Amino acid sequence: MRNPIIVALDVPSADQALKLAEQVAPAVGAFKIGKELFVAAGPDIVKRVRATGASVFLDLKFHDIPNTVAKAVASAARLDVQMLTIHTSGGSEMMRAAEKSANETAKALGTEAPLVLGVTVLTSMDSPALSEIGCLPNVGHQVERLAALAVQSGLRGLVCSPLEIMALRQILPAHIQLVTPGIRTGAEKADDQKRTLSPREAMQAGASWLVVGRPIYAAENPRAAAESILQSLA
Ligand code: C5P
């Protein structure tokens with residue numbers, strides 16, 4: 001079985017990110033580079049994490065006109081990332097442009113196309129927040145609607161919360177990869193994640209990849225924390 005643990009490098013500097021990556025690399029499957037680190041350290045941090053041999057998930061959640069998103073995806077593919085995110089609310093044309101760009105850029109480079117993951121409804125959005133922007137007020141319905149649109153538009157994967165995995169597995173083709181944050185082992189201190197599952201529960205529910213941040217990087221021994229999560233999946 002491949003290692004499904006993606007560690008979120010949610011730290012503010014390249015030095016901290018590389019130190020953490022080196023510490024936990026043997027126990028994890030990939031690293032997620034998000035807005036905080038990318039804006040601080042630039043594309044160079046992607047190259048430096050890739051240079052360790054680790055896979056990279058570039059979580060910048062692109063949302064723009066199709067041409068701009070296609071070009072951003074091409075730039076990400078040239079950085080040799082293995083996964084990246086776009087907002088499904090950018091619409092079908094934007095999603096198709098992103099997927100096409102991922103495939104065409106990789107083909108030109110002779111590499112494997114990065115997995116373009118669709119983000120549906122941010123977990124910070126609740127029913128009143130969705131109504132406010134003119135969307136279906138039922139969060140679950142809006143998630144399912146955007147997930148179906150993403151699949152129709154050719155995306156091969158989605159980001160979803162732990163509590164959405166089961167419902168999405170019922171309606172999506174089996175080849176769709178689901179990447180799930182909101183993972184908690186019970187060993188860590190309570191924080192802002194409210195709707196969580198354990199790593200094992202999330203995999204049993206149908207997750208393909210687990211994004212884990214604080215339970216690993218804020219642990220006293222990040223390497224041991226990652227190893228213990230991996231063992232819990234065996
Ligand atoms: O520290 P923690 O395990 O909560 O980190 C989870 C990671 O997944 C963070 O990088 C966070 O931004 C991201 N994420 C999330 N919930 C979402 C989408 C992304 O926690 N709905």
Side-chain angles (χ1 to χ4, degrees), residues 4-13 16-17 20-21 23-24 27-41 45-46 49 54-63 81 83-90 115-127 129-130 135 139-140 142-144 146-147 150 155 157-168 177-203 205 207-220 222 225-226 228-230 232-233:
I5 303 170
I6 303 174
V7 175
L9 296 175
D10 292 336
V11 291
S13 74
Q16 285 165 280
L20 176 62
Q23 228 179 340
V24 303
V28 308
F31 292 103
K32 181 169 91 77
I33 295 176
K35 290 187 174 98
E36 180 188 14
L37 180 59
F38 190 82
V39 172
I45 188 61
V46 176
V49 174
S55 296
V56 168
F57 168 11
L58 187 63
D59 186 20
L60 299 180
K61 298 187 179 69
F62 298 139
H63 186 177
V81 304
M83 298 180 180
L84 61 94
T85 41
I86 63 173
H87 273 286
T88 57
S89 53
L115 180 65
V116 178
L117 299 164
V119 173
T120 58
V121 179
L122 294 172
T123 46
S124 52
M125 299 288 280
D126 57 9
S127 180
L130 280 179
C135 293
V139 177
Q142 182 69 6
V143 168
E144 288 177 20
L146 288 170
L155 295 199
L158 292 162
V159 177
C160 69
S161 88
L163 302 190
E164 291 161 2
I165 305 171
M166 289 238 220
L168 289 177
Q177 299 201 38
L178 294 181
V179 178
T180 310
I183 299 301
R184 289 297 178 265
T185 64
E188 59 282 301
K189 290 192 204 87
D191 53 40
D192 60 353
Q193 295 282 15
K194 304 259 183 289
R195 291 175 292 155
T196 65
L197 286 184
S198 74
R200 193 182 172 85
E201 287 166 340
M203 292 303 288
S208 317
W209 298 90
L210 309 172
V211 175
V212 188
R214 286 161 288 184
I216 290 178
Y217 72 71
E220 217 163 287
S228 139
I229 292 176
L230 189 58
S232 76
L233 301 175

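Every value quoted in this text rests on a predicted model; they were computed, and no experiment measured them. Every heavy atom of this structure was used, including side-chain atoms; hydrogens, water molecules and symmetry mates were not. Counting starts at 1 for both ligands and their atoms, in listed order.
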Return the closest protein heavy atom for [atom] as residue, atom name and distance.
atom	answer
atom 7 (C) of ligand 1	V211 CG1, 3.8 Å
atom 21 (N) of ligand 1	T123 OG1, 2.8 Å
atom 2 (P) of ligand 1	R184 NH2, 3.4 Å
atom 6 (C) of ligand 1	Q193 NE2, 4.0 Å
atom 9 (C) of ligand 1	D10 OD2, 3.2 Å

Does some side-chain heavy atom of [Y] sit less than 4.5 Å from a side-chain heavy atom of [X]?
X	Y	value
V211	V159	no
L197	T180	no
L146	Q142	yes
F31	V24	yes
R214	D192	yes

So the atoms of ligand 1 within less than 4.0 Å of a heavy atom of G213 turn out to be 1 (O), 2 (P), 3 (O), 5 (O)
Here the atoms of ligand 1 under 4.0 Å from any heavy atom belonging to P215 are 3 (O)
Residues T88 and A150: closest non-hydrogen pair is CG2-CB, 3.8 Å
Closest non-hydrogen atoms of A225 and A219, given as atom of the first, atom of the second and distance, are CB-CB, 3.7 Å
Ranking S124, P181, A218, S161 by closest non-hydrogen atom to atom 16 (N) of ligand 1, top hit is P181
What about [X]: any of its N or O atoms under 3.5 Å from an N or O on ligand 1?
X	answer
Y217	no
K32	yes
A8	no
R214	yes

### Task
Please confirm whether G34 comes under 4.0 Å of ligand 1, counting heavy atoms of the residue only.
no
**Prompt:** Any donor-acceptor pair under 3.5 Å linking the side chain of S198 with the backbone of T185?
**Reply:** no
Which of T123, T120, V121 passes side-chain contact (heavy atoms from CB on, under 4.5 Å) with V139? Answer is V121
